Amino acid sequence: MSINEVLRPSDLTAELLDAIFEPTDLEVRRDNDGDLVVTRGVSCYVMQTAENERLMLMTFVGVKEEIDRAAKLEFVNRVNNDISTVRAHVNERESIVFDYHIPIRGGISAEAIVEATRFFLLASAHAIDRCDQDDIVR
């Protein structure tokens, strides 16, 4: 597979995603559930959406145990206001989650997937550094 070859949503299997990230400088592994995890300082999950039109990158941000919901919401609001490319929210388990969507409908190159993932990892680290004014992140 050429790094610039156009990949269609139907091409993006778990095996192909592994092959896309394997030759990069990013750390790549499958977790116990078989989910693809890519790391460069920050880790993110790389998942295909149900309709297979996007790849969703998702990072769980660890927070200190004593942090209440209000402080978490202040943090995610700062991220959403200051870092336009990362979406942040507090999920139903009270975890802070960052996500980013890569459109794949119509086709995308392996290089674009890797570069978008690198960008998300960098933007996530930047969001934590810039927006954690109350020192809530572990």
Side-chain angles (χ1 to χ4, degrees):
M1 166 189 64
S2 161
I3 194 144
N4 293 317
E5 177 183 342
V6 175
L7 304 169
R8 304 280 177 211
S10 59
D11 298 329
L12 291 177
T13 62
E15 295 78 20
L16 183 61
L17 284 172
D18 289 343
I20 287 170
F21 286 103
E22 193 58 41
T24 69
D25 59 344
L26 302 168
E27 179 184 324
V28 180
R29 66 179 175 82
R30 291 277 173 179
D31 70 5
N32 293 338
D33 295 325
D35 296 320
L36 179 61
V37 180
V38 178
T39 303
R40 181 183 231 171
V42 174
S43 294
C44 76
Y45 289 90
V46 178
M47 300 176 292
Q48 292 170 269
T49 58
E51 67 279 356
N52 207 23
E53 293 186 353
R54 292 173 281 127
L55 288 176
M56 182 172 66
L57 307 180
M58 185 173 15
T59 294
F60 291 91
V61 179
V63 296
K64 297 172 183 169
E65 283 189 36
E66 68 275 8
I67 302 304
D68 65 8
R69 183 173 180 77
K72 292 175 186 177
L73 291 172
E74 279 185 44
F75 173 71
V76 299
N77 285 337
R78 273 195 300 276
V79 171
N80 288 329
N81 288 332
D82 293 352
I83 314 293
S84 63
T85 55
V86 173
R87 183 174 69 164
H89 67 278
V90 177
N91 69 10
E92 63 280 350
R93 295 182 189 164
E94 291 297 312
S95 298
I96 294 176
V97 181
F98 293 168
D99 65 32
Y100 182 73
H101 294 259
I102 304 170
I104 57 175
R105 183 178 186 188
I108 190 168
S109 71
E111 181 178 26
I113 292 170
V114 170
E115 291 307 315
T117 304
R118 280 191 178 113
F119 174 80
F120 174 68
L121 293 169
L122 182 64
S124 295
H126 178 71
I128 292 168
D129 288 343
R130 181 172 173 167
C131 298
D132 189 19
Q133 298 166 357
D134 299 322
D135 194 32
I136 70 168
V137 176
R138 301 189 247 146

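All values below come from the heavy atoms of this structure, side chains included, with hydrogens, waters and symmetry mates left out. Keep in mind that this is a model prediction, so the values were computed, not measured.
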Taking all non-hydrogen atoms of both residues into account, name the closest pair between Ile104 and Ile108 and its distance. CG2-CG2, 3.6 Å
Please report the interatomic distance CG(Asp82) to CD(Gln133), rounded to the nearest 0.5 Å. 7.5 Å
Return yes if some donor-acceptor pair links the side-chain N/O of Asn81 with the main-chain N/O of Asn77 below 3.5 Å, else return no. yes
CG of Leu16 to CD1 of Ile113: how many Å apart, nearest 0.5 Å? 7.5 Å
What's the spacing between Ile136 CD1 and Glu74 CD if we round to 0.5 Å? 8.5 Å
Residue pairs involving residues 16-29 (criterion salt bridge (Lys or Arg N to Asp or Glu O under 4.0 Å); sequence neighbours excluded): Asp18-Arg30, Asp25-Arg40, Asp25-Arg118
Any residue meeting side-chain contact (heavy atoms from CB on, under 4.5 Å) with Asn91, in chain and number order, not counting sequence neighbours: Phe60, His89, Arg93, Ser95, Val97
How close do Asn52 and Ser10 get, counting heavy atoms only, and between which atoms? ND2-N, 4.0 Å
Do Tyr45 and Leu12 belong together in a cluster built from hydrophobic side chains that touch within less than 4.5 Å? no
Of all heavy-atom pairs linking Lys72 and Glu94, the shortest is NZ-O, 2.6 Å
Tell me, do Val61 and Val42 make a side-chain contact under 4.5 Å, heavy atoms counted? no
Can you find a pair of side-chain heavy atoms, one from Leu55 and one from Leu17, that are under 4.5 Å apart? yes
Residues Ala123 and Ile83: closest non-hydrogen pair is O-CG2, 4.4 Å
Under the side-chain contact (heavy atoms from CB on, under 4.5 Å) test, residues paired with Ala88 that sit two or more places apart: Val76, Val79, Asn80, Phe98
What residues, two or more places apart in sequence or in another chain, satisfy side chain to side chain donor-acceptor pair (under 3.5 Å) together with Asp134? Arg78
Distance from Glu115 atom CD to Thr24 atom OG1, nearest 0.5 Å? 9.5 Å
What's the separation between atom OG1 in Thr117 and atom CG in Leu122, rounded to the nearest 0.5 Å? 12.5 Å
Less than 4.5 Å apart, side chain to side chain, heavy atoms only: is that true for Val63 and Phe75? no
Could you give the distance from CD (Gln48) to CG (Leu36), rounded to the nearest 0.5 Å? 9.5 Å
Going by ring pair (Phe, Tyr, Trp, His ring centres under 6.0 Å), name the residues that satisfy it together with Phe120, two or more places apart in sequence or in a different chain. Tyr100
Met56: which residues meet the side-chain contact (heavy atoms from CB on, under 4.5 Å) condition with it, sequence neighbours left out? Met47, Thr49, Met58, Asp99, His101
Only one of Leu121, Thr59, Val37, Val38 passes side chain to side chain contact (heavy atoms under 4.5 Å, CB included) with Ser43; say which it is. Val37
Non-hydrogen atoms of Ser124 and Val86 that approach each other most closely: N-CG2, 4.2 Å
Looking only at non-hydrogen atoms, find the nearest pair between Leu7 and Ala110 and report the distance. CD1-N, 4.0 Å
